[in-house]
Amino acid sequence: MINSTSADARLRIFASASSWIEGAAVRQLEQVLGRRGVLAVAGMPDLHPGHKGPVGCAVLTEGIVHPDIVGTDIGCGMTAWLLDGVARRLRVEKAVQALSKLGDAGGLEPEDAVAAGIPADVAAAHAEALGTVGGGNHFVELQAVHAMVDGEACAAAGLEAGRLVLLVHSGSRGLGPEVLARHPFVHGEGLALEGAGRAYLADHDVALGFARLNRAVLAERAADLIGQDGKPWLDVPHNHVTVAGDLVLHRKGAAQADLGLVPVPGSRGAMTYVVAPDPDVPGALRSLAHGAGRKRDRASMHGRRRDAERPNPVGNRVICADRKLAMEEAPGAYKDIAQVVADLDAHGLARVVAILKPIVTFKTGRA
DNA sequence: ATGTCC
């Protein structure tokens, strides 16, 4: 079932033959094996090549931190809020108009960021970024419960047919790149955990909390804009490091599998699958796919206006004033999320609990 | 990914 082409037993790729995994991504994973301290590498079915390394993987090391595996967007992840409203009573056109204002949000005051647990120096420099979506694959999406696959788990989570959900994908904005730059290291060598690694991790943890707060502010503002009451449901990071004793677990585009339910979104023209992970699958490093994964890189989507203007396959309204971003993020740039989730199920990594259907997606209000 | 190139 595991179509790993590597002879190295430390590497496992959790994808079926029918999933499209680029050779370049597998080669990037094999390069990661050569880094100092690497014990194991897990590739997820949404694995794809990234600019500087593979996206959709987890890397376990002993005593070594590799900040460039996580990359610049430290703390990036998914937050979901459960709203009180239901889809059948939603005025879609009004919601589109309301959510179009999400980009106008002016950030938080530094004192409010401090009150939310952000250190004063970071709050002074970055509070304005809290509540901003950012670029790339980030989004805020209003969705509705479309199918309840595991009725018991849905009931436990408070899900019912048509219930509105807000899904937020964003990260630490300008803070993450700043933290990465503040901790220089030799590529492949990384940082000793009992040394410079600890200093990186302290800053990393602040960025992780900042990203989580950013998503919470986004969700709260989105709920306010559409006049809905709601409550936080889940928050799962997919770009971060966790440490247990001497073991250092890096995740790059791989969702943490031991925090309960995980939303696995497809493209911005596809369903989101809410799954219940099994964190103890051997070799999977307590991780699972964080989404559909890119099928085509950003550059190859440029000039493809036709892709960007193609009718949305699911019918959700996408707010994206930036035409270049719309082309890069067209649904055709992404793998089939149903196949990714089928692979997760086939390998025992996760089972589907519910399917969420997008209604309105906010990408950016700026051209 | 990034107040994204001054």
Side-chain angles (χ1 to χ4, degrees), chain A residues 25 28 46-57 59 66-79 102-110 113 118 121-140 168-185 187 200 203-204 206-215 217-218 236-241 250-255 265 267-268 290-294 296-302 320-330 333-334 362-367:
Chain A
Q28 285 184 335
D46 58 338
L47 178 73
H48 60 94
H51 200 59
K52 292 197 160 183
V55 180
C57 65
V59 180
H66 292 285
D68 54 340
I69 291 178
V70 172
T72 54
D73 198 1
I74 301 164
C76 186
M78 299 283 171
T79 283
L102 207 46
D104 304 336
L108 248 55
E109 295 298 327
I118 303 300
D121 55 336
V122 172
H126 294 281
E128 207 171 306
L130 288 164
T132 61
V133 177
N137 55 2
H138 291 174
F139 62 84
V140 173
V168 176
H169 178 205
S170 189
S172 52
R173 309 293 284 106
L175 178 58
E178 186 182 296
V179 168
L180 185 64
R182 201 183 296 153
H183 299 275
F185 54 90
H187 175 81
Y200 164 79
D203 282 350
H204 158 284
V206 171
L208 191 64
F210 186 93
R212 187 180 306 246
L213 176 60
N214 181 36
R215 290 188 289 272
V217 173
L218 279 165
V236 184
H238 55 232
N239 277 356
H240 63 304
V241 180
H250 310 68
R251 292 184 179 87
K252 172 63 170 183
S267 70
R268 290 317 94 224
H290 78 315
R294 291 196 77 90
R296 313 187 55 145
D297 64 39
R298 296 183 200 286
S300 73
M301 296 303 293
H302 288 164
C320 185
D322 182 340
R323 300 192 74 80
K324 184 161 167 269
L325 180 62
M327 287 188 283
E328 291 175 348
E329 291 293 308
Y334 284 86
F362 178 85
K363 291 287 291 177
T364 183
R366 291 187 182 188

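Order of the sequence lines sets the chain letters (A, B, ...), proteins ahead of strands, with each chain counted from 1.
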field: Those residues that, when tested against A:His238, pass ring pair (Phe, Tyr, Trp, His ring centres under 6.0 Å) (two or more places apart)
entry: A:His169, A:His290

task: List in chain and number order the residues that pass side chain to side chain donor-acceptor pair (under 3.5 Å) with A:His204, two or more places apart in sequence or in another chain; answer none if no residue qualifies.
output: none

query: Would A:Lys252 and A:Asn239 satisfy side chain to side chain contact (heavy atoms under 4.5 Å, CB included), going step by step from the backbone distance to the final call?
result: CA-CA 5 Å; A:Lys252 172 63 170 183; A:Asn239 277 356; 3.7 Å; yes

field: Salt-bridge present (A:Glu329, A:Arg268; N to O < 4.0 Å)
entry: no

- prompt: Counting only heavy atoms not in A:Arg182, do more than 12 sit closer than 6.0 Å to its CZ atom?
  reply: yes

Pairwise N/O distances under 3.5 Å, protein to nucleotides 3-6 of chain B:
residue, atom, partner, partner atom, Å
B:dG3, OP1, A:Gly174, N, 3.3
B:dG3, OP2, A:Arg173, NH1, 2.7
B:dG3, OP2, A:Arg173, NH2, 3.4

task: Calculate the interatomic distance between A:Asn214 atom CG and B:dT2 atom P; express it in whole Å.
output: 9 Å

query: Looking across every strand, which nucleic acid part, if any, lies under 4.0 Å from A:Gly50 by heavy atom: base, sugar-phosphate, or nothing?
result: nothing

task: Report which part of the nucleic acid A:Gly171 touches: base, sugar-phosphate, or nothing (heavy-atom distance under 4.0 Å, all strands).
output: nothing

- request: Remember a base hit wins even if backbone is also touched, and classify A:Arg298 as base, sugar-phosphate or nothing at under 4.0 Å, heavy atoms.
  value: sugar-phosphate

- prompt: Using a cut-off of 4.0 Å on non-hydrogen atoms, how would the nucleic acid contact of A:Gly134 be classed: base, sugar-phosphate, or nothing?
  reply: sugar-phosphate

- prompt: Has the side chain of A:Asp46 got a donor or acceptor atom that lies under 3.5 Å from a matching backbone atom of A:Arg294?
  reply: no

query: Contact class for A:His51 vs. all strands (heavy atom < 4.0 Å): base, sugar-phosphate, or nothing?
result: nothing

